[in-house]
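Residue numbering restarts at 1 for every chain, and letters A, B, ... go by the order of the sequence lines. Since the model is a prediction, treat every value here as computed from it, not as a measurement.
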Protein chains: 4
Amino acid sequence: MRAKSFTEERRRAQIVEAAIDTIAELGYARTSFGQIAKRAGLSSTGMISYHFRNKAELMNQVVSDVYAVATGIVGARIDEAPTPGGQLRAFIEASVRFYRTHHRHMRALTEIWLAERSEERAVPHQQELQALQGIFRAGQRSGEFRDFSPEVMAVALRHALDGVALHLGADPDADPDRYADELVTLFDLATRKEPR
Amino acid sequence: MRAKSFTEERRRAQIVEAAIDTIAELGYARTSFGQIAKRAGLSSTGMISYHFRNKAELMNQVVSDVYAVATGIVGARIDEAPTPGGQLRAFIEASVRFYRTHHRHMRALTEIWLAERSEERAVPHQQELQALQGIFRAGQRSGEFRDFSPEVMAVALRHALDGVALHLGADPDADPDRYADELVTLFDLATRKEPR
Amino acid sequence: MRAKSFTEERRRAQIVEAAIDTIAELGYARTSFGQIAKRAGLSSTGMISYHFRNKAELMNQVVSDVYAVATGIVGARIDEAPTPGGQLRAFIEASVRFYRTHHRHMRALTEIWLAERSEERAVPHQQELQALQGIFRAGQRSGEFRDFSPEVMAVALRHALDGVALHLGADPDADPDRYADELVTLFDLATRKEPR
Amino acid sequence: MRAKSFTEERRRAQIVEAAIDTIAELGYARTSFGQIAKRAGLSSTGMISYHFRNKAELMNQVVSDVYAVATGIVGARIDEAPTPGGQLRAFIEASVRFYRTHHRHMRALTEIWLAERSEERAVPHQQELQALQGIFRAGQRSGEFRDFSPEVMAVALRHALDGVALHLGADPDADPDRYADELVTLFDLATRKEPR
DNA sequence: TATGAATGAGATTTCATTCAT
DNA sequence: TATGAATGAAATCTCATTCAT
């Protein structure tokens with residue numbers, strides 16, 4: 001496989017962007033090459049097939065692009081925090097903020113993941129769940145966190161965040177900072193060892 | 001709208017059951033009238049169109065049927081509990097138990113809700129979220145719960161449960177009781193007023 | 001698999017006939033569901049997909065239908081002949097006559113067989129070649145035929161007939177009886193033991 | 001039409017070779033410019049369109065190239081033979097040998113001829129059939145051959161050879177020399193005047 | 001009510017060909 | 001000449017829905 005040219009990459013990115021828009025607007029089920037091509041200003045769906053082997057490859061690209069952006073942003077905030085407790089707070093705050101600034105991306109990500117779950121039976125968020133479990137284990141070792149199941153806690157947090165994303169997306173008037181604060185407190189109380 | 005005859009209702013129920021099976025087995029995207037008819041033992045997809053105005057109506061029926069069953073079971077357990085804290089615990093335990101005993105139903109529910117979300121822009125779980133908020137408000141009034149946002153807490157709990165359902169579905173070896181216990185402790189710590 | 005209804009069978013036959021017409025007229029490469037539907041008077045290509053699982057099944061049906069007709073007619077003539085030499089003559093004459101009366105069918109048969117050869121690498125005419133070899137072996141046992149390779153002779157005769165079919169199809173003025181007579185003499189001389 | 005430069009001719013030849021490979025490997029139906037370009041090491045299918053007006057011109061070039069090679073080899077052997085009977089034998093033997101040594105070419109030739117027959121309504125092998133008829137007529141004039149229709153005999157021989165090519169291609173263990181010997185005897189008996 | 005046939009829209013994908021650079 | 005991007009037509013197949021019986 002040859003390296004892709006600059007023009008090629010730009011076109012692919014343009015198509016991926018159009019795909020994100022389409023999914024966010026119509027939902028996965030109603031997203032077709034025709035709709036994507038229209039939004040990308042392409043003259044033919046053939047153009048999409050030209051740049052992506054098939055629909056699955058396009059969707060994979062959407063997922064990995066969004067994931068890359070998200071983990072870049074959120075990961076940076078986590079790394080700045082000194083303690084596991086701080087990292088947990090950073091993760092929640094950065095995630096909620098990302099949902100607000102990139103809510104089209106999140107929407108698309110969720111739609112794809114859910115639609116394709118049926119096909120591949122995969123459990124999503126594996127990477128992120130691993131990272132969260134790492135934070136939890138570190139906090140338990142350092143004595144900052146109480147003794148709980150890192151797996152269950154990670155799943156709970158990760159999906160609570162998904163729920164929040166959904167509600168923030170559906171209600172434009174909702175205040176993301178308040179959601180973030182509430183979640184921070186919730187999981188702080190649920191994980192800390194010593195009651196305040 | 002004429003009242004539906006007994007035979008009519010039986011047929012509709014049969015079709016709804018087949019739809020649940022189909023979605024649970026193939027996923028929403030691959031669920032077609034043809035597949036549903038095959039599983040229902042119907043000789044023609046025309047039969048489905050005869051009993052349901054269109055696909056959306058069938059799916060709505062699936063959702064409301066499953067919801068009715070779930071609310072019946074879970075609601076009964078909640079009503080038995082005397083205090084808001086006990087109701088919270090009962091809700092979590094009954095929900096996880098329901099996921100285990102009715103996982104085909106849950107699967108179908110999630111698939112439909114997610115696939116059709118885009119079309120109706122509805123936020124899912126509205127009924128349940130209201131009920132949860134009621135519990136939280138009661139606990140706050142009685143002084144059993146601390147001061148937090150009932151909306152955010154309800155969303156967090158509801159989706160944490162969804163996440164658990166997903167993981168229990170994907171991993172047949174996982175222990176539902178352990179997941180339930182962990183969640184009970186998590187939300188107990190997150191909601192109670194007095195540290196233990 | 002349920003038995004097919006009368007109407008179903010008639011529709012299938014109608015589609016098969018239209019397919020034969022289309023292939024004979026346009027050649028296999030340019031035969032599409034669209035062209036077949038047009039000739040069959042169908043409103044949509046979906047109708048073809050409704051009655052045949054896919055294109056391959058339709059083509060198989062064409063082949064087996066034509067084969068059935070051909071072997072019925074030719075086989076009957078062969079069975080009437082008392083000696084291997086007579087059967088050989090009957091086979092050639094009946095075949096050439098069939099090409100004349102059913103030249104659309106033959107054309108379609110050849111086109112399909114050749115187009116699909118690429119896909120399945122199968123050698124065509126297997127059934128007929130076996131039958132021919134049987135005749136040759138019987139004649140050799142009875143002393144009527146000389147000692148030659150039944151395989152090679154069968155292949156030579158079968159494809160010589162194909163060539164004749166092709167030329168009779170391309171040249172409407174050609175006299176089939178003369179072609180038949182010449183072939184009969186050719187293979188009589190090539191197979192008989194005693195020179196006349 | 002401008003004379004083609006050396007480089008131009010080399011490119012065309014390279015593309016024709018790649019086309020032969022592709023057809024022999026995939027069959028005509030699956031042969032696309034994309035596949036040909038890949039095998040020719042070209043970076044774009046546009047290159048093929050640049051050197052050939054359209055697909056038909058490329059295929060015609062393949063046919064005439066292969067024909068030229070075959071006629072050169074087989075023709076040389078025929079010319080060495082002194083009598084029509086000898087020429088007939090030489091034609092058969094050289095043809096079978098050619099099938100063995102150039103079976104990719106033969107395969108491509110047959111595929112194209114068959115796939116495109118429909119478009120041009122041409123009967124194949126015209127050149128060769130003329131040559132064969134010439135041999136037959138000469139033998140009839142010299143008294144070496146009996147009185148038969150040169151046209152029919154030519155068609156029969158030509159297609160019998162095609163059949164043999166097919167079977168040799170499909171069965172790598174078959175012995176070409178035996179097939180050649182059998183065919184020589186067959187057509188010797190069928191054409192000679194005096195029984196041996 | 002039930003059946004199976006019919007419809008027509010729409011989806012993905014492949015392809016030959018054209019065009020700007 | 002060569003490249004790769006772009007185009008638009010066409011092909012097969014699936015599907016929800018309608019209709020006559």
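- Contact annotation: His51(C) side-chain N/O to dA6(E) OP1/OP2 distance is under 4.0 Å.
- Separating the CE atom of Met59(A) from the C1' atom of dT12(E) is a distance of 12 Å, rounded to the nearest angstrom.
- Remark: C1' of dT1(E) and CD1 of Ile15(B) are 11 Å apart, rounded to the nearest angstrom.
- When the side-chain nitrogen and oxygen atoms of Ser43(C) are compared with OP1 and OP2 of dA6(E), none of them lie within a distance under 4.0 Å.
- In this structure, Glu8(B) places its CD atom 13 Å from C1' of dA2(E), rounding to the nearest Å.
- Note on Thr7(A): every side-chain N or O is 4.0 Å or more away from OP1 and OP2 of dA5(F).
- In DNA chain F, runs of at least 3 stacked Watson-Crick or G-U pairs (N1-N3 plus N6-O4 or O6-N4, or N1-O2 plus O6-N3, all under 3.5 Å) give these stems: E:2-21 with F:2-21.
- Shown here are the side-chain hydrogen bond (donor to acceptor under 3.5 Å, both in side chains) partners of His105(C), two or more places apart in sequence or in another chain: there are none.
- A 6.0 Å sphere centred on NE2 of His102(C) holds more than 12 heavy atoms belonging to other residues, nucleotides or ligands.
- With hydrogens and angles disregarded, no donor-acceptor distance shorter than 3.5 Å links the side chain of Arg104(D) to the backbone of Ile20(D).
- Using modelled atom types and a 3.5 Å distance limit, the side chains of Gln14(C) and Arg10(C) yield no donor-acceptor pair.
- A pairwise comparison of heavy atoms in Ile15(B) and Met47(B) identifies CD1-O, 4.4 Å as the closest pair.
- Comparing Gln35(C) and Arg11(D) by the nucleotide of DNA chain F that holds the closest heavy atom to each, the one mapping nearer the 5' end is Arg11(D).
- Atoms CG (Leu42(B)) and P (dA16(F)) sit 14 Å apart, rounded to a whole Å.
- Distance Phe6(A) CZ to dA5(F) P: 13 Å, rounded to the nearest Å.
- No donor-acceptor pair closer than 3.5 Å links the side chain of Asp21(A) to the backbone N or O of Ala24(A).
- Straight-line distance from the CD1 atom of Ile36(A) to the C1' atom of dA11(E): 12 Å, rounded to whole Å.
- Across all their heavy atoms, Ala18(B) and Ile36(B) have their closest contact at CB-O, 3.7 Å.
- Taking 4.5 Å as the limit, some side-chain heavy atom of Met59(D) sits within range of a side-chain heavy atom of Tyr28(D).
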(request) Could you walk me through whether Arg12(D) and Glu57(D) pass the salt bridge (charged side-chain N to carboxylate O under 4.0 Å, His left out) test, one step at a time? (result) CA-CA 11 Å; Arg12(D) 282 175 62 98; Glu57(D) 195 198 315; 3.2 Å; yes
(message) So if I define the base as every atom that isn't primed, P, OP1 or OP2, how would nucleotides 16-21 of chain E read as a B/S/- string at a heavy-atom cutoff under 4.0 Å?
(response) SBB---
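- To the nearest angstrom, P of dA5(E) lies 11 Å from CZ of Arg10(C).
- Going from atom CD1 of Ile48(A) over to atom C1' of dT13(E) covers 12 Å, rounded to whole Å.
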